[in-house]
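Reading through the structure tokens given below for one structure.
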There are 2 protein chains.
Amino acid sequence: MNSSRPVTIKDIARRFRCSPSTVSRALNDHPAINEDTRKNIQEYAKEVGYQRNEVSLSLLNKKTASLGVVVPTISNYYETAVIEGLHTVLQPMGYTLNICVTNESYLLEKESLSKLLSNRTEGIFLSVSQETYDAGYYEHLESVIQRKTPLIFIDREYEDFETSRATVDDYHGAFAAVEHLISIGYKQIAHLKGPNGLTVSEQRFKGYINCLKKYNMPIREDLILNTNFNVESAILPTKRLLELASPPDAIFGVNDQVAIGAMRVAKDKGLRIPQDIGLVGFDNSPISAYTFPSLTTVHRPGRKIGMEASRLFLNQLNGSGDFAPESIVLPSELVIRESSLRI
Amino acid sequence: MNSSRPVTIKDIARRFRCSPSTVSRALNDHPAINEDTRKNIQEYAKEVGYQRNEVSLSLLNKKTASLGVVVPTISNYYETAVIEGLHTVLQPMGYTLNICVTNESYLLEKESLSKLLSNRTEGIFLSVSQETYDAGYYEHLESVIQRKTPLIFIDREYEDFETSRATVDDYHGAFAAVEHLISIGYKQIAHLKGPNGLTVSEQRFKGYINCLKKYNMPIREDLILNTNFNVESAILPTKRLLELASPPDAIFGVNDQVAIGAMRVAKDKGLRIPQDIGLVGFDNSPISAYTFPSLTTVHRPGRKIGMEASRLFLNQLNGSGDFAPESIVLPSELVIRESSLRI
DNA sequence: ATATTGAATGCAAACGTTTGAAAAAATTTC
DNA sequence: GAAATTTTTTCAAACGTTTGCATTCAATAT
């Protein structure tokens, strides 16, 4: 029945035999508009379901009120927590979030950024893809910075870029986790590392290594194996660890998923946790508190990171020309549960 | 150094002392443009990092290439899987996804929809919030339909709306789950139900009830308790179940999270799974295969739902005026694992 | 030399809205 | 009743791009 074309200000103007300006002003409660005119126009507008075309406004004001969020995946707890944090702060301010998933692909990341810039997105939150990281590409980021579009790194970052970033203190979190295992008395601590090259992986790895060094524990290369952050990817490496002539008596997983995978393998082998083998994860994902035994882990405040990143963005937006990028590093916190509490 | 204002076609035209039309044509490889002119303009454009302003194009063509996804939450596996499915199909076609999280709030849902319409979003994928559902509000949906903006329901839906929808066959999935428990020999099957009123909860509940009826099993009200879809919300209800004078010998959880919560409580009580108590979840989330024991569950093809929903959207978009809404119901599939395999 | 062709470019309108300045209309003042 | 004032409305430009049509200019054909 109704034409599918949305009602415009011009349509209303025609109906009232007045100019579009009058309609615009009436709808915006401009004082210099006759009270009756205003009322009539507003009523009619409501009746026909008029809705401001924000696209034209974006063009006029050069403000789109939309932000880009570019992440490698959204199937992990942490990523969605970050997005929720961004949402919490920015949605009430009228911003719309354009979520782009790169699937760890450089090309998709590049295209996403280009698209966001074309759409005149006002800011971009980025966690770089693995491919990008590996290859060390960065030209696609240059163009973002050249446009002076605020670029905020979340989670994965390029260290030598002059932008704001909000990350979690992975290093000290990992350090604390391993220190805890040592304090309990575990001697042969393995590490199921994340993919090489990523800051997250490397920082946690560094925390692991440096902690071992501090306590004069031997560093065994054969106790360090790579995973891909997900449960499945932990299965084989853990099996290999447990089949070693001198197997580890504890495993520090790069995240909870990996630790849970390891937990499964250990149990299948008939090992008791934490008596025979200690386990620690990273993330404090909701499930970690309810595994059996519950998983000792390192809390990683995803929501908070999202909220801090929002703050950094707003700072940069409202800041004067001589803007200085900020780096926020939120502390991570050891959460001790059953999987490491050997008495 | 560089002005922050993006380079426009006009800027380039001024530089070459030609008209904007020429620049536009040159950039778009229009045949009626001199080869040299074209080359020069394209080179210069690249050099200064010209990037088409898609906002102006959206206004001109009345096409925004952006779609809205309105969901109650993104912290569950299923939701993110759906979004990934949408992404998989629609991102390559040039669409941008605007994700709006309603946090189960009617007001946020209403505002999100209104915003999406104002932004001339070309289609909306909606899973209605719990509040909306409870209150039975629907006017905010009317305006979407009146605008003839394709509206696709995913997951949670209003049954009496003339729109396309893609859902999973919750009823038969639940039925199969309970039937499986019965076939194994479990006699007192409890159900940790989802929030009342939601289609998802009710369909699974119905599957549970009807299956019990079919096999002439008694339906015990005291074995049916509500949860809120997340792990924590299963803890207390499960405790209550297990403290009953006549406790259940199996629990069917409305989803994996809930089942995992129940698993934890059962183990804390020293019960053996599946010998003392059988457990079945719903979703087939990645973690469910790696709990100990692994969780019998019902596979819910989130990615596929997203992809089907995309298809429905595209159908409606390309369809003729007399468009007939489609309902896709994907089958769910029982995945038998250890938590229910009592021999 | 003139007409004809063809290639290359420019003009102007359009998308929907806002806004400063100008114009018109209504009201007040003397 | 005219001038001054106030209220209300319209005009025109702007945001950046595309595109049908008109125009320009040079080259070719007659």
message: Is there a side-chain contact between B/Tyr50 and the phosphate of D/dT17, meaning an N or O under 4.0 Å from OP1 or OP2?
response: yes

- prompt: How close or far is atom C1' of C/dT17 from atom CG of B/Asn119, stated in whole angstroms?
  reply: 14 Å

Among C/dT17, D/dT18, D/dT9, the nucleotide that comes nearest once only the side chain of A/Asn34 is considered: D/dT9

task: Show your reasoning for whether salt bridge (charged side-chain N to carboxylate O under 4.0 Å, His left out) applies to B/Asp11 and B/Arg14.
output: CA-CA 5 Å; B/Asp11 297 329; B/Arg14 217 168 296 132; 3.4 Å; yes

- line: Judged by nearest nucleotide, the residue sitting upstream toward the 5' end of DNA chain D, B/Asn61 or A/Thr22, is A/Thr22

field: Atom-to-atom span, CG of B/Asn28 to C1' of D/dG16 - whole angstrom
entry: 13 Å

- request: Verify the contact: side-chain N or O of A/Lys10 to OP1 or OP2 of C/dA14, cut-off strictly under 4.0 Å; return yes or no.
  value: no

- request: Give A/Leu60 one of three labels, base, sugar-phosphate or nothing, depending on what nucleic acid heavy atoms sit under 4.0 Å from its own.
  value: base

task: Indicate, with a heavy-atom threshold strictly under 4.0 Å, whether A/Arg52 touches base, sugar-phosphate, or nothing.
output: sugar-phosphate

Value in whole Å for how far the P atom of D/dT10 lies from CD1 of A/Ile12: 14 Å

task: Measure from the side chain of B/Asn53, starting at C-beta and using heavy atoms only, and say which of D/dT17, C/dT17, C/dT9 lies closest.
output: D/dT17

task: Kindly say whether, by distance alone, the side chain of A/Arg25 makes a donor-acceptor pair under 3.5 Å with the base of C/dT17?
output: no

query: Does atom OH of A/Tyr137 have more than 12 heavy-atom neighbours from other groups under 6.0 Å away?
result: no

- request: In whole angstrom, give the distance that lies between atom NE2 of B/His30 and atom P of C/dA8.
  value: 12 Å

query: Under 4.0 angstrom, heavy atoms only, what part of the nucleic acid is B/Thr37 near: base, sugar-phosphate, or nothing?
result: sugar-phosphate

- prompt: Atom CD of B/Glu54 to atom C1' of D/dC15: distance rounded to whole Å?
  reply: 15 Å

query: Yes or no on side chain to side chain contact (heavy atoms under 4.5 Å, CB included) for B/Ser75 and A/Glu84, after CA distance, side-chain angles and deciding distance?
result: CA-CA 8 Å; B/Ser75 18; A/Glu84 284 208 338; 3.3 Å; yes

- request: Give the nucleotide from the list C/dT9, C/dT19, D/dT9 with an atom nearest to the side chain of B/Ala32.
  value: C/dT9

- prompt: Would A/Val70 and A/Ile124 count as a side chain to side chain contact (heavy atoms under 4.5 Å, CB included) if you check the C-alpha gap in whole Å, the side-chain angles of each, and the deciding distance to 0.1 Å?
  reply: CA-CA 7 Å; A/Val70 183; A/Ile124 294 176; 4.2 Å; yes

- request: Look at all strands and tell whether B/Ser21 reaches a base, only sugar-phosphate, or nothing, counting heavy atoms closer than 4.0 Å.
  value: base

- request: Please confirm whether the backbone N or O of A/Pro325 pairs with a side-chain atom of A/Glu162, one donor and one acceptor, at under 3.5 Å?
  value: no

- line: Comparing B/Glu35 with A/Leu27, nearest DNA chain C nucleotide closer to 5' gives the residue B/Glu35

statement: By nearest-heavy-atom nucleotide on DNA chain C, the more 5' of A/Ile9 and B/Pro20 is B/Pro20

query: Can you list the steps and then say if A/Arg38 with A/Glu35 is a salt bridge (charged side-chain N to carboxylate O under 4.0 Å, His left out)?
result: CA-CA 5 Å; A/Arg38 191 183 63 77; A/Glu35 185 61 17; 2.7 Å; yes

message: Of the listed nucleotides (C/dG16, D/dT10, D/dT9), which one gets closest to any side-chain atom of A/Ser19?
response: D/dT10

- line: Picking from C/dC15, D/dC15, C/dT18, the nucleotide nearest the side-chain atoms of A/Lys62 would be D/dC15

- request: Pick base, sugar-phosphate or nothing for B/Arg17, based on heavy-atom distances below 4.0 Å to the nucleic acid.
  value: sugar-phosphate

task: Remember a base hit wins even if backbone is also touched, and classify B/Phe16 as base, sugar-phosphate or nothing at under 4.0 Å, heavy atoms.
output: nothing

task: Rounded to the nearest angstrom, tell me the gap between atom CG in A/Leu57 and atom P in C/dC15.
output: 16 Å

query: Taking atom C1' of D/dT7 as reference, at what distance in whole Å does atom CZ of A/Arg38 sit?
result: 16 Å

Nearest-angstrom distance from the residue atom CG of B/Leu59 to P of C/dA14: 13 Å

